[in-house]
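A short worksheet on the structure shown next.
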Amino acid sequence: MKSDTCDVLVIAGVGEIQELVLATAAALDLVAVVAVDLDVVAKLWNQVGTVCVAEDFAALTAAWALPRRGGVVLLGGSEVLLAKWSAPLDAKVIPLPAGALWLGSILDESAGKTGTPVLAVLGGSGGVGASTLAAGVALAAAKTGRQVALVDVDVVGGGIDLLLGVEHEEGWRWPSLASAEGYVGDLCEYLPKIAGVSVVSMARNSAEDLASEPLTAILHSLRRSHEVVVVDVGRSLSSACREAVRLATDHLMLVSPSIRGIAGARQVLRTFQLESATETTPSLNPAVVHLVLRGKGAAGFGATTLGETLGCPVIARLEDDPTVVAAAARGDLPWGRPRGGFRKTCSRLASALIEG
Ligand SMILES: Nc1ncnc2c1ncn2[C@@H]1O[C@H](COP(=O)(O)OP(=O)(O)OP(=O)(O)O)[C@@H](O)[C@H]1O
Ligand SMILES: [Mg+2]
C-alpha cells in the first residue's frame, strides 16, 4: 500500500469505534485503513496523519512499543482504560459517546488538509471594542483577497450583522444552523456576505443559547471552505463560547489598560482557562493569548506592565479612532478611515494571523 494514500490508521476491531472513525474519515474525504497486526501497523505508524486506537486495543498497541509520535488518539467509553493508556501511548483521549464530535476536527487537522487559522477575539471587559476588532481583522484579511468568515458567538451581543450593516441581507444565521452536528458541507452560498467576509451572525429575535455541537460543526465547515476564520467570542459563558476558544488556533484579547480593565481581563483568562502556564492552575489550553491594548491608558499601565501582570504578550495597541464610531453610526463598515490607525492595526493583526 502506498503510504501517501492513507491519512488515518485505525487500530480497532469490528464494532462501534471502528465504524465511527471510518465514517468520520469518509465524511472528511480522508482515507482510513484498519489494521490490527503489527506488520501493517508498524509500516503505517509514522506515515499517517492520525492513529486512532480503540480502548480495547490500547494494551496491545502499547506492548508493540512503537516509536513515540504525535497524533495518536485513544477512543472509548471506559474512563479507567482511557486514563490508564493515554500516557503510555502519548495519546489524546476522546471519551465516547460525548467526544465523537471532536474526532472530525482532530482527523482534519492532523491530515493537514486545513491549515486555516481560527482567531478567537475576546474582550477583557464589556464594551471594550472586541466585536469591532473582530470585524476589522476579518475585513483586513479579506482585503488581501482571501476567503474570510466571521462568526458571532455572543448571544447577547446584538448580532454582528448589525455591526457590519448586513442585517437586511438574506442568508442563514445561527437559528438556521443551530441543529448542525457532525459533518456540514460548504455553507458559502447560504451566508450573508460583505466586503469578502461571510458572516455567521446571531439573530436578535432568538432567546436560545448556542450549544457547542453546532458551533464545532460550523467552524469545521468554515475552515474547509475559507482561508481565515475570525470568531467574536463575546463574554457569555456558554458552552459554544468555550468550544470556540478551545478550537481556535490563535487568541486575541482586547484590554483596557486600567485597573478594572486588567481585573476583567484576568477573569476572562481564568474563565476560559487561558491563563499562562506560569499560573498555579495548569492551563488546559496552551495557546498563547496575545493582548491588544485599547486606547492610551493611565500612566503606569504600559504594554510591559500589562503583559507582565497578565502573563501574556502584548501584540498591538489600538488607538481610539472616532471615525470607527462615526462609520458604525452611519451603518457603514466599522473600519475607520483608509489610512487610519484602526485599519492599520487590523491589517497588521490580519497579516500576523495569515503568516502564522
Ligand atoms: N478603536 C475604536 N475607537 C473608537 N471607538 C471604538 C473602537 N472600537 C470600538 N469602538 C466603539 O466602542 C463601542 C463598543 O464596541 P464593540 O461593540 O465592538 O465592543 P464589545 O467589546 O464587542 O462590546 P460587548 O461587550 O457589548 O460585546 C462601539 O460604539 C464602537 O463603535
Ligand atoms: Mg461584542
Side-chain angles (χ1 to χ4, degrees), residues 119-140 150-167 173-174 194 197 199-204 206 209-210 215 230-238 240-242 244-245 248 251-258 260-269 271-272 274 289-297 301 303 306 310 314-350:
L119 174 69
V121 180
L122 300 142
S125 37
V128 71
S131 298
T132 309
L133 178 63
V137 175
L139 289 165
L150 176 61
V151 185
D152 177 10
V153 195
D154 191 355
V155 252
V156 290
I160 209 151
D161 56 348
L162 204 55
L163 178 68
L164 289 164
V166 288
E167 69 276 18
R173 287 163 174 77
W174 271 120
I194 182 141
V197 178
V199 183
V200 177
S201 158
M202 285 294 164
R204 276 159 296 284
S206 167
D209 208 353
L210 184 61
L215 188 272
V230 179
V231 186
D232 177 14
V233 176
R235 290 165 40 78
S236 87
L237 298 179
S238 70
C241 290
R242 290 175 191 274
V245 168
H251 302 80
L252 276 187
M253 182 161 65
L254 189 54
V255 182
S256 164
S258 61
R260 290 191 65 208
I262 293 170
R266 187 184 281 278
Q267 198 53 39
V268 172
L269 289 173
T271 302
F272 288 106
L274 287 164
V289 181
H290 288 99
L291 305 179
V292 177
L293 305 194
R294 166 80 197 273
K296 291 209 181 342
F301 290 114
L306 208 123
L310 291 171
V314 176
I315 193 174
R317 188 185 278 278
L318 196 64
E319 298 301 339
D320 285 346
D321 185 340
T323 62
V324 172
V325 188
R330 282 195 308 271
D332 289 343
L333 291 177
W335 175 220
R337 58 184 191 283
R339 267 177 284 283
F342 181 77
R343 233 184 252 204
K344 275 191 191 153
T345 305
C346 290
S347 299
R348 203 156 63 69
L349 293 171

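Counting starts at 1 for both ligands and their atoms, in listed order.
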Test side-chain contact (heavy atoms from CB on, under 4.5 Å) applied to [X] and [options], the passing residue:
{"X": "Val166", "options": "Leu333, Asp161, Val197", "result": "Asp161"}
{"X": "Leu150", "options": "Val231, Ile194, Val230", "result": "Val230"}
{"X": "Leu122", "options": "Leu254, Leu291, Leu269, Val245", "result": "Val245"}

Expected rows: ligand 1 N/O, protein N/O, dist below 3.5 Å:
{"unit_1": "ligand 1", "atom_1": "1 (N)", "unit_2": "Glu319", "atom_2": "O", "d": "3.4"}
{"unit_1": "ligand 1", "atom_1": "3 (N)", "unit_2": "Asp321", "atom_2": "N", "d": "2.8"}
{"unit_1": "ligand 1", "atom_1": "5 (N)", "unit_2": "Arg294", "atom_2": "NH2", "d": "3.3"}
{"unit_1": "ligand 1", "atom_1": "18 (O)", "unit_2": "Ser131", "atom_2": "N", "d": "3.4"}
{"unit_1": "ligand 1", "atom_1": "18 (O)", "unit_2": "Thr132", "atom_2": "N", "d": "2.8"}
{"unit_1": "ligand 1", "atom_1": "18 (O)", "unit_2": "Thr132", "atom_2": "OG1", "d": "2.4"}
{"unit_1": "ligand 1", "atom_1": "19 (O)", "unit_2": "Gly129", "atom_2": "N", "d": "3.0"}
{"unit_1": "ligand 1", "atom_1": "21 (O)", "unit_2": "Val128", "atom_2": "N", "d": "3.1"}
{"unit_1": "ligand 1", "atom_1": "21 (O)", "unit_2": "Gly129", "atom_2": "N", "d": "2.9"}
{"unit_1": "ligand 1", "atom_1": "21 (O)", "unit_2": "Ala130", "atom_2": "N", "d": "2.9"}
{"unit_1": "ligand 1", "atom_1": "22 (O)", "unit_2": "Ser131", "atom_2": "N", "d": "2.9"}
{"unit_1": "ligand 1", "atom_1": "22 (O)", "unit_2": "Ser131", "atom_2": "OG", "d": "2.8"}
{"unit_1": "ligand 1", "atom_1": "23 (O)", "unit_2": "Gly127", "atom_2": "N", "d": "3.2"}
{"unit_1": "ligand 1", "atom_1": "25 (O)", "unit_2": "Gly127", "atom_2": "N", "d": "2.8"}

Side-chain heavy atoms of [X] within contact of [Y], under 4.5 Å:
{"X": "Phe272", "Y": "Val289", "answer": "no"}
{"X": "Met202", "Y": "Val155", "answer": "yes"}
{"X": "Val151", "Y": "Trp174", "answer": "yes"}
{"X": "Val128", "Y": "Val255", "answer": "no"}

Using a cut-off of 2.8 Å, how many protein N, O or S atoms lie below it in distance from the Mg ion (ligand 2)?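 Step by step: take the Mg ion (ligand 2), keep protein N, O, S below 2.8 Å, and you get 1.
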
Please identify which of these residues, Asp154, Asp232, Asp152, meets the side-chain hydrogen bond (donor to acceptor under 3.5 Å, both in side chains) condition with Ser131.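 The passing option is Asp232.
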
side-chain contact (heavy atoms from CB on, under 4.5 Å) between Val121 and Val137, intermediate numbers included: CA-CA 10 Å; Val121 180; Val137 175; 5.6 Å; no

